[in-house]
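Read through the structure below, which is laid out as structure tokens, and then see the notes.
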Amino acid sequence: PREKSTVDNSMGGKQSVAVPALGLSGSGKSLLFSTMIGKPFDGKYPGIHGESYKLQQQHTVEILPLGVKKAVMLASNHLRNRTNFVFVVDSTDPKGMVDVSQLIDMFFTDERSDIDISTCTVLVYTTKQDKESAVAPEEVAKSVGFDGERLVPKKLVVQGTSMVTLKEDGEKGWADAFG
């Protein structure tokens with residue numbers, strides 16, 4: 001499917017764009033986006049897949065899981081013709097960063113992929129920055145492939161988040177990337 005895009009003339013001609021948010025299970029996708037819209041957090045999220053959140057009048061984020069190859073192929077079909085991407089990466093999970101790096105390679109460099117990274121805006125949220133074992137946001141972005149050499153998007157925004165500053169950091173990263 002093509003990127004969802006509709007013009008709403010009552011909003012001064014602003015486009016409504018659905019942005020896929022991808023991350024491994026447990027990376028903090030659901031918590032991040034539900035917090036950004038003011039939905040109360042009352043414990044562990046069950047790993048919401050396919051959930052959509054209306055973030056601003058012109059943006060919706062679609063939560064997509066990453067993981068097994070079958071899901072990768074389904075997701076890559078869903079991602080065709082997209083130019084905006086969000087990756088949510090647990091900054092305390094080195095193995096997860098390797099897995100995300102391999103999946104990102106599949107999306108952007110696989111011969112079957114038709115996504116041109118140089119035309120894309122990419123927002124990388126690095127979650128759990130309040131943990132002692134957290135890797136700095138810029139290092140997380142490099143470790144998953146956005147190192148300025150291998151994968152170079154048109155625009156890259158890297159935003160660290162923690163349980164303490166989740167809403168503010170999430171909104172800042174979103175505004176910097178897509179605002």
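One-based numbering along the sequence shown.
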| request: List the steps, then state whether side chain to side chain contact (heavy atoms under 4.5 Å, CB included) holds for Lys29 with Val86. | output: CA-CA 10 Å; Lys29 299 177 302 293; Val86 175; over 6 Å; no
| message | Taking Glu171 first and then Lys167, would you say they form a salt bridge - that is, a charged N and a carboxylate O separated by under 4.0 Å? | response |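 Looking at Lys167 together with Glu171, the answer is yes, because their closest N to O distance falls below 4.0 Å.
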| said: The criterion is side-chain contact (heavy atoms from CB on, under 4.5 Å); which residues satisfy it with Gln102, sequence neighbours excluded? | reply: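 Gln102 satisfies side-chain contact (heavy atoms from CB on, under 4.5 Å) with Val98, Asp99 only.
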| task | Please identify each residue that fulfils salt bridge (charged side-chain N to carboxylate O under 4.0 Å, His left out) with Lys154, with sequence neighbours left out. | result |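 With neighbours one apart ignored, the set is empty.
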Do [X] and [Y] have side chains that get closer than 4.5 Å, going by heavy atoms?
| X | Y | value |
| --- | --- | --- |
| Leu103 | Leu24 | yes |
| Val135 | Thr126 | no |
| Cys120 | Ile115 | yes |
| Phe87 | Val144 | no |

| query | Which residues satisfy the side-chain hydrogen bond (donor to acceptor under 3.5 Å, both in side chains) test with Lys142, sequence neighbours excluded? | reply |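 If we apply the side-chain hydrogen bond (donor to acceptor under 3.5 Å, both in side chains) test to Lys142, skipping adjacent residues, there are no hits.
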| Partner set under side-chain hydrogen bond (donor to acceptor under 3.5 Å, both in side chains) for Lys155, not counting sequence neighbours |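 side-chain hydrogen bond (donor to acceptor under 3.5 Å, both in side chains) check on Lys155 returns nothing, list empty.
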Between [X] and [Y], which heavy-atom pair has the shortest distance, and what is it?
| X | Y | result |
| --- | --- | --- |
| Met97 | Val89 | CG-CG1, 3.7 Å |
| Ala177 | Thr121 | O-CG2, 3.6 Å |
| Tyr125 | Gly173 | OH-C, 4.0 Å |
| Ser101 | Gly145 | OG-N, 4.4 Å |

Donor-acceptor pairs are to be reported for all side-chain atoms of residues 157-164 against protein atoms at under 3.5 Å, with residues two or more places apart or in another chain.
{"unit_1": "Ser162", "atom_1": "OG", "unit_2": "Val164", "atom_2": "N", "d": "3.3"}
{"unit_1": "Ser162", "atom_1": "OG", "unit_2": "Thr165", "atom_2": "N", "d": "3.3"}
{"unit_1": "Ser162", "atom_1": "OG", "unit_2": "Thr165", "atom_2": "OG1", "d": "3.1"}

| request: List the steps and the verdict of side chain to side chain contact (heavy atoms under 4.5 Å, CB included) for Ile117 and Val152. | output: CA-CA 6 Å; Ile117 187 69; Val152 183; 5.8 Å; no
| Verdict with supporting geometry, Leu151 and Thr109, side chain to side chain contact (heavy atoms under 4.5 Å, CB included) | CA-CA 8 Å; Leu151 295 173; Thr109 64; 3.6 Å; yes
Roughly how far, to the nearest 0.5 Å, is the [atom2] atom of [Y] from the [atom1] atom of [X]?
| X | Y | atom1 | atom2 | answer |
| --- | --- | --- | --- | --- |
| Glu138 | Asp147 | CD | CG | 13.5 Å |
| Thr127 | Asp169 | OG1 | CG | 11.5 Å |
| Phe178 | Asn84 | CZ | CG | 4.5 Å |

| request: If a pair satisfies salt bridge (Lys or Arg N to Asp or Glu O under 4.0 Å) and one of its residues is in residues 117-132, list it, with sequence neighbours excluded. | output: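 Qualifying pairs, neighbours excluded: Asp90-Lys128.
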